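Only a predicted model underlies this, so the values are computations on that prediction, with no experimental measurement involved. Residue indices begin at 1 and follow the sequence shown.
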Amino acid sequence: MIKKLNKTHLKSGKTIFISGSKSETNRLLLLQALFPQLEIVNMSNSDDSQVMIAALEKGNGTIDIHHAGTAMRFLTAFFASQEGKKVVLTGSSRMKERPIHILVEALQSLGAEITYLESEGFPPLKIVGRKLCNNEVSIPSEVSSQYISALMLIAPSLDKGLIIRLLGKSTSLPYIKMTLQLLDEIGVTTSFDGTTIVIHPLQLTVNKTLVVESDWSSASYWYSFIALSDIETSIHLRSYKQSSLQGDSILSEIYSFFGVETIFLGNEIRLQKKHTPKQSHFSCDLRNTPDIAQTIAITCFGLGLSCDLTGLHTLKIKETDRLQALKTELTKLGGVVKVTAESLHLNRCKEIRPDTAIDTYDDHRMAMAFASLCLKSNITINNSEVVSKSYPDFWSDVESIMGH
């Protein structure tokens, strides 16, 4: 599907409801599979969460998780710990290029039986569930926090719990802290000193109802719309809270640089454009929040700012190589971009090339991040339906706030 967006302006004061965080939802779905009395409210309506639900309901045979990287990591750990279960975890052609050996080796050290069916170190995986008897594991922490969270989530169901020793500088630390907080909320005893995570077994019945906060990663696109909009524009997003578990809530601080004020009003936030950026260059280390890198890069480009974004080494193993994809598509629009293995550097651009078609590379965040440029120029988004991976209602929400 091709989405054509003609240059427009925003209607001010509109309210958008964004469904629950995909990150929180998928963690809670796995915990619910281990502790069935747990109830979840305001779950994400994303494809990735639907994939998790379907996989956990099926529970055997061949399970295709398509593009859902979180599901691949979490389900690998889950099925490895389920005695007697036999599954093959597979996915899209891109998923078969995304490495998983670090997690597999960690699970094997605990006693898991996992074999590669095609390329060594990559899905698809054959998993025979076993009782995991060892309770200590070491794992490199600079590649993906999802490997660590996968181990953390199964830990309370293990007889002796789990001690996880982190090797190297941690990436996406807020996601590790999110997992810890959710474990704490269902009654698991945990500790974390920066290098060692200790999770005790949970023998109690979990009679809890947890409400998932709306997704901050999805909110990032609306921050970009407001930043690129007229100065008096505002928009309301529901349902958010000031004390968020999600690392991407740092958006409220980051986007103040771009003149966007975040006002917390009960269970919603109002985003309001207060001024144009006062500086022409933006720099930020996004090691802890790499999912908002694309949005920030497009915001800088649309505002005619230069930027240096670092801490992006995980972007090369996402749905696509996001750094190279950003460089290619921004270059089409007239941008001058340099990328390294872990950074993106954008020069100031005074004019956006009009009527440009953006390729999305089967990556939902590419489609949504570029959408806000319709406030500056006519733009076309190819394969636009890919947004359903995390935000199925995105395009209808965009239509609702466009001026005519």
Exercise for the section: Compare all side-chain heavy atoms of Y255 with those of E261 and state whether any distance is below 4.5 angstrom. Expected result: no

Practice task
Flag the pair E213 and R238 as a salt bridge only when some basic side-chain nitrogen lies within less than 4.0 angstrom of an acidic carboxylate oxygen.
Solution key: no

Problem - Heavy-atom side-chain proximity of N288 to S172 below 4.5 angstrom - result: no

Completion exercise
Residues H364 and V386: closest non-hydrogen pair is CB-O, 3.3 Å

Exercise for the section: Using a 4.5 Å cut-off on heavy atoms from C-beta on, say whether the side chain of E24 contacts that of R27. Expected result: no

Exercise for the section: State, to 0.1 Å, how close I176 and M152 come at their nearest heavy-atom pair, and which atoms those are. Expected result: O-CE, 3.6 Å

Handout entry: Polar side chain donor-acceptor pair, N347 to S306, under 3.5 angstrom
Key = no

Problem - Contact check, side chains of F301 and L228, non-hydrogen atoms, under 4.5 Å - result: no

Exercise for the section: Would you please say whether a donor-acceptor pair under 3.5 Å links the side chains of T299 and S224? Expected result: yes

Handout entry: Non-hydrogen side-chain atoms of R348 and L305 separated by less than 4.5 Å
Key = no

Exercise for the section: Would you confirm whether D64, through its side chain, and H66, through its main-chain N or O, come within 3.5 Å as a donor-acceptor pair? Expected result: yes

Problem - Option passing salt bridge (Lys or Arg N to Asp or Glu O under 4.0 Å) with K389 (candidates D48, D47, D362, D363) - result: D48

Practice task
Please report the C-alpha distance between E97 and R94 in whole Å, then the side-chain angles of each, then the deciding distance to 0.1 Å, and finally whether the salt bridge (charged side-chain N to carboxylate O under 4.0 Å, His left out) criterion is met.
Solution key: CA-CA 5 Å; E97 297 172 350; R94 172 61 180 169; 3.3 Å; yes

Practice task
Decide salt bridge (charged side-chain N to carboxylate O under 4.0 Å, His left out) for E142 and R287; before the verdict, give the C-alpha distance in whole Å, the side-chain angles of both, and the deciding distance to 0.1 Å.
Solution key: CA-CA 9 Å; E142 72 276 5; R287 172 179 292 271; over 6 Å; no

Practice task
Determine whether D215 and Q246 make a side-chain contact, defined as any pair of heavy atoms from C-beta on separated by less than 4.5 Å.
Solution key: yes

Completion exercise
Taken to the nearest 0.5 Å, the spacing of D291 CG from S390 OG works out to 9.0 Å

Practice task
Taking atom types as modelled, find out whether D397 and Y391 have a side-chain donor-acceptor pair closer than 3.5 angstrom.
Solution key: yes

Handout entry: From E268, K14, R270, residue fulfilling side chain to side chain donor-acceptor pair (under 3.5 Å) relative to H236
Key = E268

Contacts table for residues 120-132: side-chain donor-acceptor under 3.5 angstrom, sequence neighbours left out:
unit_1 : atom_1 : unit_2 : atom_2 : d
K131   : NZ     : D159   : OD2    : 2.5

Problem - F225, F282, Y223 screened by ring pair (Phe, Tyr, Trp, His ring centres under 6.0 Å) with F258, the one that passes - result: F282

Handout entry: Side-chain ion pair, D230 and K273, N-O less than 4.0 Å
Key = no

